[in-house]
Number of protein chains: 2
Amino acid sequence: MRTLEQQVQVLRAAGYRVTQSRVAVLTVLAETDGVLDAATICAAGRELHPKLGRVSVYRALELLAELGLARRVHGANGCRSYARANWQEGHYLVCQGCGQVQEFPCDGLDRLVEQLGREYRFAVRHHLLQLEGLCAGCLDADGGSAS
Amino acid sequence: MRTLEQQVQVLRAAGYRVTQSRVAVLTVLAETDGVLDAATICAAGRELHPKLGRVSVYRALELLAELGLARRVHGANGCRSYARANWQEGHYLVCQGCGQVQEFPCDGLDRLVEQLGREYRFAVRHHLLQLEGLCAGCLDADGGSAS
DNA sequence: GTTACAATTGAAACAAGTTATCAATAAGCA
DNA sequence: TGCTTATTGATAACTTGTTTCAATTGTAAC
């Protein structure tokens, strides 16, 4: 996982200013293993930057997502959650027990995506994969009742 | 693709009433190849059922999604679009040119998901895969400029 | 260290999505 | 046909997301 300073460098290198709002959002995301909604990010961010505006949170999340530093987490009922990201094309394991998010690169997916593109005559430009289930910790806590 | 009558049967079999609102939403979805937002579904649905309420559209979409008859389509900026579904666990190719949506089952993904589960000690219960790109038609129209 | 400038902000307003309420309606069964 | 209960639709309220714009701020240049 990249340090905050490295993430800040990504911002600079991409030509964006390193503002207090953006650093606050980055920091809040860096400090959690799971998903956060925008309101939570905003509230936590205000502890670091009291004037942090709600709109700035949305703007920062959008920018950070574009840069591969944050990511929307999608679910059946919407996609109002965010998590930090380590790769722009990373994929997620989202634990339905504790909410923990585990990112993974997936070369296996790249091959599958290529194969699907050929099979359906579709030029894939972007792919999104998310897996939901239970992490090892929640499985152990469950007493192995999971499938 | 299932006929409207077959979809209606899915509703009945699941213990839900076959109401005019639900049939209107199903019909609107069945009549398009692409994604629709809720306002569009509502407007089109009112042509079939003039009293169709906005909230009933959201309710119907949620239920139909649970039953595998409709589906949220996720994107980088949110998931405010819907498409018809043929499978509950189907996956999508979403064309960024014409907006057409192509659903596909994916046994290859199931194997990959199993492998990922083992690798990360994660009991996968649900997975979401979406691919964005250009369909064959849009590729041809582009003059093969795609990657 | 100061200045200038453009990016960025934050508040307010607006739009879209979601939830809740509830009286009225309607689907479906007997 | 009547009854029961699921469902509706209107309304309101709330949450989430976007737009506008004057004010602020980050940073480069000097």
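What you see below is based on every heavy atom in this structure, not just the backbone, and it leaves out hydrogens, waters and symmetry mates. Quick note on labels: first sequence line is chain A, next is B, and so on, each numbered from 1.
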Using residues 43-50 of chain A as the side-chain source, report each donor-acceptor pair under 3.5 Å to any protein atom, sequence neighbours left out, with the distance given to one decimal.
from: A/Arg46; atom 1: NE; to: A/Leu52; atom 2: O; distance (Å): 2.8
from: A/Arg46; atom 1: NH2; to: A/Leu52; atom 2: O; distance (Å): 3.0
from: A/His49; atom 1: ND1; to: A/Gln20; atom 2: OE1; distance (Å): 3.3

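- Between the P atom of C/dA27 and the CG atom of B/Leu11 lies a distance of 13 Å, rounded to the nearest Å.
- When the nearest nucleotides of DNA chain C are assigned to B/Arg12 and A/Gln20 by heavy-atom distance, the more 5′-ward of the two goes with A/Gln20.
- Among the heavy atoms of the strands lying under 4.0 Å from A/Cys79 are primed sugar atoms or P, OP1, OP2 only; no base atom is included.
- Side-chain atoms of B/Arg54 and base atoms of C/dT18 include a donor and an acceptor less than 3.5 Å apart.
- Looking at heavy-atom distances under 4.0 Å, B/Ser56 makes contact with a base.
- Each of B/Asn77 and B/Leu52 was assigned the nucleotide of DNA chain D with the nearest heavy atom; the assignment lying further toward the 5' end belongs to B/Leu52.
- Sequence order on DNA chain C of the closest nucleotides to B/Glu62 and A/Thr19 puts A/Thr19 first from the 5' end.
- Distance B/Tyr16 OH to C/dA26 C1': 18 Å, rounded to the nearest Å.
- Although no hydrogens or angles enter the test, the distance criterion places no donor-acceptor pair under 3.5 Å between the side chain of B/His74 and the main chain of A/His74.
- Residue B/Arg72 is in sugar-phosphate contact alone, with no base atom involved, counting any heavy-atom pair closer than 4.0 Å across all strands shown.
- When the side-chain nitrogen and oxygen atoms of B/Ser21 are compared with OP1 and OP2 of D/dT7, none of them lie within a distance under 4.0 Å.
- Counting only distance, with no hydrogens or angles, the side chain of B/Thr27 and the backbone of B/Val23 share a donor-acceptor pair below 3.5 Å.
- When atom types are taken as modelled, the side chain of B/Arg2 and the backbone of B/Gln7 share no donor-acceptor pair closer than 3.5 angstrom.
- Using a 4.0 Å heavy-atom cutoff across all strands shown, A/Arg80 reaches sugar-phosphate atoms only and no base atom.
- The listed nucleotides are C/dG17, D/dT7, D/dT18; the one nearest the side chain of A/Tyr58 is D/dT18.
- Atom pair A/Ile41:CD1 and D/dT15:P shows a separation of 17 Å (rounding to whole Å applied).
- In this structure, a donor-acceptor pair under 3.5 Å is present between the side chains of A/Gln9 and A/Arg12.
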Q: Begin with the C-alpha distance, continue with both residues' side-chain angles, and end with the deciding distance and a verdict on side-chain contact (heavy atoms from CB on, under 4.5 Å) for B/Leu116 and A/Phe104.
A: CA-CA 9 Å; B/Leu116 285 166; A/Phe104 64 93; 3.7 Å; yes

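- Across all strands shown, A/Arg59 has heavy atoms under 4.0 Å from base atoms, whether or not it also approaches the sugar-phosphate.
- Considering only side-chain N and O atoms, B/His49 lies under 4.0 angstrom from the phosphate OP1 or OP2 of D/dG9.
- Minimum interatomic distance between A/Glu132 and B/Phe122 (heavy atoms only, all atoms of both residues): C-CE2, 3.8 Å.
- Axis orientation changes by 50° from one end of the helix from C/dG1-D/dC30 to C/dA30-D/dT1 to the other, with each end axis drawn from 5 pairs and the value rounded to 10°.
- Rounded to an integer number of Å, the gap from CZ of B/Arg17 to P of D/dT8 is 10 Å.
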